[in-house]
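Protein chains get the first letters and strands the later ones, always in sequence-line order, with residue 1 at the start of each. Only a predicted model underlies this, so the values are computations on that prediction, with no experimental measurement involved.
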Number of protein chains: 2
Amino acid sequence: MTEHQEARAPMTAAQAGLIGRLAAQLRVDSIRCSTQAGSGHPTSSLSAADLMAVLLERHLRYDWDQPSLPTNDHLIFSKGHASPLLYSMYRAVGVVEEDELIHTYRQFGSRLQGHPTPLLPWVDVATGSLGQGLPDAVGLALAGRYLDRLPYRTWVLCGDSELAEGSIWEALDKAAYYKLGNLTAVVDVNRLGQNGPTELQWDMDRYARRVEAFGAHPLVIDGHDISAIDDALTSARSRPDQPTVILAKTIKGKGVPEIEDRNGWHGKALPKDMAERAVAALGGPGNLRITTTLPEQGTPEITPNPRAAISLPRWEVGDKVATRAAFGAAVSALAARPEIVVLDGEVGNSTHAGEFKDAAPDRYFEMFIAEQQLIASAIGLSVRGYIAFAASFAAFLVSRPFDFIRMAGVSQANIRLVGTHAGVEIGQDGPSQMALEDIAAMRAVHTSTVLYPADAPSTAQLIQTMADTPGISYLRATRGAYPVIYGPDEKFPLGGCKVHNAGPDDEVALIGAGVTLHECLTAAGELAEAGIRARVIDLYSIKPIDIETLRRTCFDTGGRIVIAEDHYPEGGIGSAVLEALASVNTPRLHLALLAVKALPTSGTPQELLDAAGISAHHITAAARSLL
Amino acid sequence: MTEHQEARAPMTAAQAGLIGRLAAQLRVDSIRCSTQAGSGHPTSSLSAADLMAVLLERHLRYDWDQPSLPTNDHLIFSKGHASPLLYSMYRAVGVVEEDELIHTYRQFGSRLQGHPTPLLPWVDVATGSLGQGLPDAVGLALAGRYLDRLPYRTWVLCGDSELAEGSIWEALDKAAYYKLGNLTAVVDVNRLGQNGPTELQWDMDRYARRVEAFGAHPLVIDGHDISAIDDALTSARSRPDQPTVILAKTIKGKGVPEIEDRNGWHGKALPKDMAERAVAALGGPGNLRITTTLPEQGTPEITPNPRAAISLPRWEVGDKVATRAAFGAAVSALAARPEIVVLDGEVGNSTHAGEFKDAAPDRYFEMFIAEQQLIASAIGLSVRGYIAFAASFAAFLVSRPFDFIRMAGVSQANIRLVGTHAGVEIGQDGPSQMALEDIAAMRAVHTSTVLYPADAPSTAQLIQTMADTPGISYLRATRGAYPVIYGPDEKFPLGGCKVHNAGPDDEVALIGAGVTLHECLTAAGELAEAGIRARVIDLYSIKPIDIETLRRTCFDTGGRIVIAEDHYPEGGIGSAVLEALASVNTPRLHLALLAVKALPTSGTPQELLDAAGISAHHITAAARSLL
């Protein structure tokens with residue numbers, strides 16, 4: 001930890017003047033681009049202009065020519081709707097031209113979108129769903145303090161409305177727990193939300209008490225007092241082991257007196273005439289060009305080694321092993337790559353993620369029961385190139401932070417999710433713990449890969465593959481132990497599948513994944529005893545999916561297919577197969593889709609698989625019904 | 001408001017003795033049932049046994065013979081894994097027999113499941129996904145204070161681990177904002193989570209500061225001191241305008257010295273020999289029967305009137321109206337039914353939910369930007385029979401609280417969700433605001449109904465239908481204004497669809513819903529000009545879906561179907577149609593599935609529909625390609 005703590009020289013009158021002119025230009029540009037676009041959030045930009053002017057001129061250390069420089073500070077607009085202000089800052093440092101800003105903002109084909117996305121090289125994560133930028137920043141600050149061990153800082157501009165999101169408090173809690181003195185949140189307390197006054201309005205004291213109770217250092221300031229802002233940002237820089245939250249009392253629409261602190265102006269561009277008056281009153285369009293302080297030189301303490309020798313664990317065919325255990329063993333083997341990180345949702349002993357802690361304790365982060373922060377941490381770590389696996393029970397891992405996963409798709413972030421204890425197979429714990437909609441949800445996420453292996457070797461290989469798979473990859477793991485099917489050298493490419501018992505005269509195909517693959521194999525045995533030739537497809541890769549093998553199977557079996565899945569009927573494995581086959585020519589299909597149709601209860605796994613109609617004898621009966 | 005505030009007589013020595021014996025019996029039964037089941041959470045039950053014994057004997061007002069009595073208190077185990085304790089309490093009051101408790105807990109077919117569900121008449125909401133019981137309870141307490149106006153109290157047992165969930169803080173924040181003095185949370189601070197010590201362990205002071213900062217009244221006590229517990233519960237009863245959080249320092253496994261405060265015992269049944277020793281040391285199995293104080297008599301201030309005359313708004317065919325505006329007008333018309341409630345996520349001016357506030361200000365609750373609490377409030381209100389519509393932007397309404405929606409399915413709760421601003425159609429705001437996975441996610445929820453009407457009259461009628469639809473109904477509404485298609489007297493049954501331009505010689509069918517229905521109608525016109533007969537299906541009801549009309553259409557058109565949807569390709573409308581057709585005999589299908597395949601950007605709605613390949617000319621081209 002080489003936290004940078006030099007005393008800054010006090011601000012001179014000249015600097016204060018420059019910052020004042022910068023703030024005016026940021027306001028003018030925010031008004032101009034949004035009025036030109038006819039939409040956007042100028043008033044939410046105006047309130048924060050002074051805050052960001054001081055940050056940009058005096059505190060942010062950033063080499064705009066090298067946005068991926070490891071030593072750069074990070075600036076995240078958690079209030080992504082203030083994009084006019086952010087883009088005006090980019091203009092002020094010279095990376096966005098005036099013409100692009102004023103004439104392309106929010107236009108089709110422009111990189112200056114309504115809310116920031118990493119299409120812009122200086123944007124780390126997409127924001128616009130409130131309450132996410134700060135949690136993502138916690139992941140970045142974790143990287144800075146514990147992995148890179150570089151003195152860069154992460155600055156976050158939050159809105160006051162978003163402090164109503166629980167995720168903000170998950171973030172502050174973890175930021176304090178992990179002593180993230182390299183993280184500073186600046187809250188633009190402009191009192192007005194979209195619809196009217198915020199819950200706490202300008203009750204700065206109550207905000208401060210909440211921040212303090214959650215372990216961060218609160219600083220209440222006048223968000224339009226340049227000197228106070230500078231002092232607060234300086235103070236934040238000097239506290240190595242505690243995150244600072246600057247609570248800045250501001251005025252929405254500040255700088256345009258006719259709409260200052262007026263309700264009804266959220267998310268509205270100023271009409272042309274009002275914009276012209278406002279721009280003129282602010283001194284007219286400016287051409288200030290700010291030179292940001294460059295970061296100190298430095299090198300991350302961790303150097304990724306994607307070619308490190310990895311010895312995946314090996315198992316004997318027939319051994320009974322839970323795929324969650326295979327995940328734990330495989331990800332621990334991957335610890336030989338120094339860029340691999342594991343994040344736990346306080347269930348590491350159940351998911352087996354906890355085994356990584358023994359292999360690489362410095363790269364294992366406990367997020368406790370805060371799944372939104374669990375995912376956000378992975379997103380933040382991915383900004384710095386770390387390969388983070390986040391694990392919890394599938395029901396909680398996918399559905400609790402689903403908006404974070406959705407936004408990771410918009411960010412085009414690279415994160416790895418492992419959800420264990422899926423489906424009715426978990427047994428006695430009952431439906432609250434059963435992921436039965438996770439495949440549908442995860443398939444619909446942009447950039448997602450969805451995997452559901454049936455045995456330990458396939459799980460281990462797929463975990464290794466996930467490490468180098470861009471986008472959001474999700475592996476569903478099973479609670480119970482099932483026989484190892486595959487030898488240690490078998491390959492499991494994404495978009496592939498494994499075909500068992502295939503012959504030219506197959507009468508029907510049985511498709512399963514995870515636990516139902518074992519049921520399909522049993523059913524195929526039962527059918528064989530009755531003289532019925534059934535091939536079995538292990539659909540371990542649900543997205544991407546092996547269209548060609550599925551298509552060929554349709555021709556081989558006369559379109560007779562049984563699909564069994566431990567998931568609700570909508571959007572799951574059956575749907576994935578149907579979508580795939582809809583894209584190619586097939587013979588007429590004769591399908592039986594077996595899925596969990598009623599609300600499950602407690603019971604043994606076998607009782608519940610039977611009750612749901614997805615166990616071997618149901619598969620056998622369904623296959624017979626198609627003949 | 002007739003909050004009950006009488007001073008209670010101090011506890012006598014005899015009462016304290018009785019409570020001690022009750023606590024011992026609750027411990028004994030928690031051990032017995034979980035050891036018999038071979039799984040469960042006895043140690044998490046033992047820590048809270050004293051707390052619940054005092055509550056049951058001295059404070060809970062409940063008529064066990066009439067679980068749906070409006071005046072009953074409510075008891076929610078937010079730490080649902082402590083179900084052995086809850087069920088042991090049910091035994092102590094005589095509604096569950098010893099044999100059922102000991103021999104059916106966690107067994108297949110038993111109502112005593114691993115985590116509580118409303119299969120039990122005394123359970124209001126399913127729990128087991130942590131951090132949800134308290135938010136749900138806020139909805140119940142809102143009903144008690146503002147709608148029923150009855151003095152019943154809502155008691156919640158929370159775990160300490162779940163205080164890491166942001167949703168807990170959303171709940172306390174709203175409980176304080178709405179002055180819910182009728183809500184008491186008892187936090188069982190037993191220091192140990194599943195995987196090891198909790199984040200704050202026994203730092204009671206820090207917990208208290210957080211609770212206080214969020215506006216609730218904290219009381220720190222020794223959770224094994226009967227008298228202190230009684231004082232705290234009494235104190236909680238006497239504070240009409242502020243929720244109380246009793247922070248009880250407890251010992252996990254309390255009462256079984258060999259495992260007290262020992263890590264590694266979470267979620268483990270005691271082995272048989274240890275259980276026998278423990279039961280003997282606790283005095284052996286008991287047969288105490290507790291008589292709970294009955295609630296005062298009273299009648300809810302609101303009497304539902306499902307037959308109230310409703311005048312839905314009317315529009316002229318051809319008028320351009322946004323379906324979100326139709327929602328606002330329709331739900332405001334429904335205000336004539338006194339059981340209808342509207343919950344807003346601080347975007348009521350955009351969703352048009354805000355119009356209900358003018359019609360029925362007492363039944364409109366602002367939840368600010370806290371979508372988890374938004375859904376939880378609806379769930380809590382549904383427990384008391386209120387018909388709550390929760391509205392926000394579809395992207396946030398579905399994905400941020402998805403775990404709450406999932407659990408509402410497990411609860412079999414009746415809630416109504418309206419998500420506006422869906423898909424690329426929203427335009428300039430960009431992908432962070434675009435719901436493109438909501439249909440996939442919502443279709444996969446147990447008990448869900450998924451609707452996506454294309455015009456104002458169909459929206460209004462479906463909103464009225466949702467009011468009387470059990471389960472979780474979701475209506476997706478569009479941002480932009482589109483022409484009214486249907487007359488005011490047209491009917492839109494669930495599971496139906498509307499067929500346009502149907503004839504016996506149709507060569508192709510175009511299926512759309514919401515915004516793409518308009519594109520399909522335009523495409524059909526283009527095709528007609530080229531002499532191609534295309535029928536159009538308005539699939540306003542995506543789940544349930546009109547299988548029979550879809551099947552007939554396949555036969556009429558030779559299986560040629562184009563489906564266009566403003567949603568990612570996985571799990572959406574195309575999948576719903578494929579799933580439906582897979583269940584019936586059809587001719588061989590020739591399908592074109594048009595959906596949003598790439599990450600969208602900002603732009604005008606028409607530019608974005610074009611770029612996504614789901615606008616009229618793409619539909620026309622796809623139809624031609626099938627011929």
Side-chain angles (χ1 to χ4, degrees), chain A residues 39 80 106 108 113-115 126 128-130 161-162 164-167 169-170 177 193-195 199 209-210 213 346-349 368-370 372 396 399-400 402-403 406 410 428-433 437 440-441 443-446 568 570-571 575 578-579 582 588 591 593 599 601-603 607, chain B residues 39 80 106 108 113-115 126 128-130 161-162 164-167 169-170 177 193-195 199 209-210 213 346-349 368-370 372 396 399-400 402-403 406 410 428-433 437 440-441 443-446 568 570-571 575 578-579 582 588 591 593 599 601-603 607:
Chain A
S39 71
R106 286 181 162 247
F108 183 71
Q113 300 194 32
H115 294 77
S129 180
L130 290 171
S161 283
E162 67 178 326
E165 288 282 12
S167 57
W169 303 98
E170 293 183 17
Y177 181 81
Q194 162 169 339
N195 212 4
E199 198 177 333
R209 286 206 303 273
R210 292 183 183 191
E346 225 275 275
V347 286
N349 53 344
F368 298 95
I369 303 181
Q372 295 183 110
F396 314 135
S399 61
R400 196 57 160 264
F402 189 50
D403 197 30
R406 178 183 75 85
V410 179
Q428 287 82 354
D429 275 332
S432 65
Q433 321 288 302
E437 52 290 290
R443 283 205 312 121
V445 169
H446 184 63
Y568 285 138
E570 298 87 5
S575 281
L578 290 171
E579 290 167 16
R588 197 165 148 243
L591 296 165
L593 304 181
L599 184 66
T601 60
S602 292
E607 285 167 341
Chain B
S39 71
R106 285 180 163 248
F108 183 70
Q113 299 194 32
H115 294 77
S129 180
L130 290 171
S161 283
E162 68 179 323
E165 289 281 12
S167 57
W169 304 98
E170 293 183 17
Y177 180 82
Q194 162 168 336
N195 212 4
E199 200 177 331
R209 286 206 305 273
R210 292 184 182 190
E346 224 274 276
V347 286
N349 52 345
F368 298 94
I369 303 182
Q372 295 183 109
F396 314 135
S399 61
R400 197 58 161 262
F402 189 51
D403 197 30
R406 178 183 76 86
V410 179
Q428 287 82 351
D429 274 333
S432 65
Q433 321 289 301
E437 51 292 290
R443 285 205 311 121
V445 169
H446 185 63
Y568 285 138
E570 297 87 4
S575 281
L578 290 171
E579 290 168 17
R588 197 165 146 242
L591 295 167
L593 304 181
L599 184 66
T601 60
S602 291
E607 285 167 340

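- Note that CG of A:Asn349 and CD of B:Gln194 are 4.5 Å apart. Values are rounded to the nearest 0.5 Å.
- Expressed to the nearest 0.5 Å, how far CZ of A:Arg209 lies from CZ of B:Arg210 amounts to 15.5 Å.
- Note: B:Arg106 leads B:Glu437, B:Arg106, B:Glu607 in heavy-atom pairs under 4.5 Å with chain A.
- The minimum heavy-atom distance linking A:Gly128 with B:Phe396 is given by the pair O-CZ, 3.8 Å.
- Between B:Arg400 and A:Glu165 there is a salt bridge, with a side-chain nitrogen of the basic residue lying less than 4.0 Å from a carboxylate oxygen of the acidic one.
- Ranked by heavy-atom pairs shorter than 4.5 Å toward chain A, the options B:Ala213, B:Ser399, B:Gly166 are led by B:Ser399.
- Only the side chain of B:Gln372 comes within less than 4.5 Å of a heavy atom of chain A; its backbone N, CA, C and O stay farther away.
- Heavy-atom pairs under 4.5 Å with chain A peak, among B:Gly348, B:Ser39, B:Ala126, B:Gly80, at B:Gly348.
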query = Would A:Arg406 and B:Ser432 count as a side chain to side chain donor-acceptor pair (under 3.5 Å) if you check the C-alpha gap in whole Å, the side-chain angles of each, and the deciding distance to 0.1 Å?
reply = CA-CA 9 Å; A:Arg406 178 183 75 85; B:Ser432 65; over 6 Å; no

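- For A:Leu578, the parts lying under 4.5 angstrom from a heavy atom of chain B are both the backbone and the side chain.
- Taking all atoms of both residues into account, the shortest heavy-atom contact from A:Ala164 to B:Ala370 is O-CB, 3.5 Å.
- For chain B, the nearby parts of A:Ser161 are the backbone and the side chain; heavy atoms of each come within less than 4.5 Å.
- The candidate from A:Val445, A:Leu599, A:Leu593, A:Leu591 with the greatest count of non-hydrogen atom pairs under 4.5 Å with chain B is A:Leu599.
- Residue with the most contacts toward chain A among B:Ala440, B:Pro431, B:Ala441: B:Pro431 (heavy-atom pairs, distance under 4.5 Å).
- Using modelled atom types, no side-chain atom of B:Glu346 and backbone atom of A:Gly193 make a donor-acceptor pair closer than 3.5 Å.
- Remark: side-chain polar atoms of B:Ser602 are not paired, donor with acceptor, to backbone N or O of A:Phe108 under 3.5 angstrom.
- With rounding to the nearest 0.5 angstrom, the CD atom of B:Gln433 is 7.5 Å from the OG atom of A:Ser129.
- The aromatic rings of B:His446 and A:Tyr568 lie parallel to each other, with less than 30° between the two planes, well short of the 60° mark.
- Closest non-hydrogen pair, A:Ser575 versus B:Arg443, comes out as OG-NH2, 4.2 Å.
- Checked by atom type and distance alone, the side chain of A:Glu199 never pairs as donor or acceptor with a backbone atom of B:Tyr177 at under 3.5 Å.
- Side-chain contact between B:Gln113 and A:Thr601 is present, with at least one heavy-atom pair separated by less than 4.5 Å.
- Interface check for chain B: of the options A:Asp429, A:Val410, A:Val347, A:Leu130, the most heavy-atom pairs under 4.5 Å are formed by A:Asp429.
- Taking B:Gly430, B:Ala582, B:Ala444 one by one and counting their heavy-atom pairs under 4.5 Å with chain A, the maximum is reached by B:Ala444.
- Distance check, rounded to the nearest 0.5 Å: CZ of A:Phe368 to CG of B:Asn195 gives 9.0 Å.
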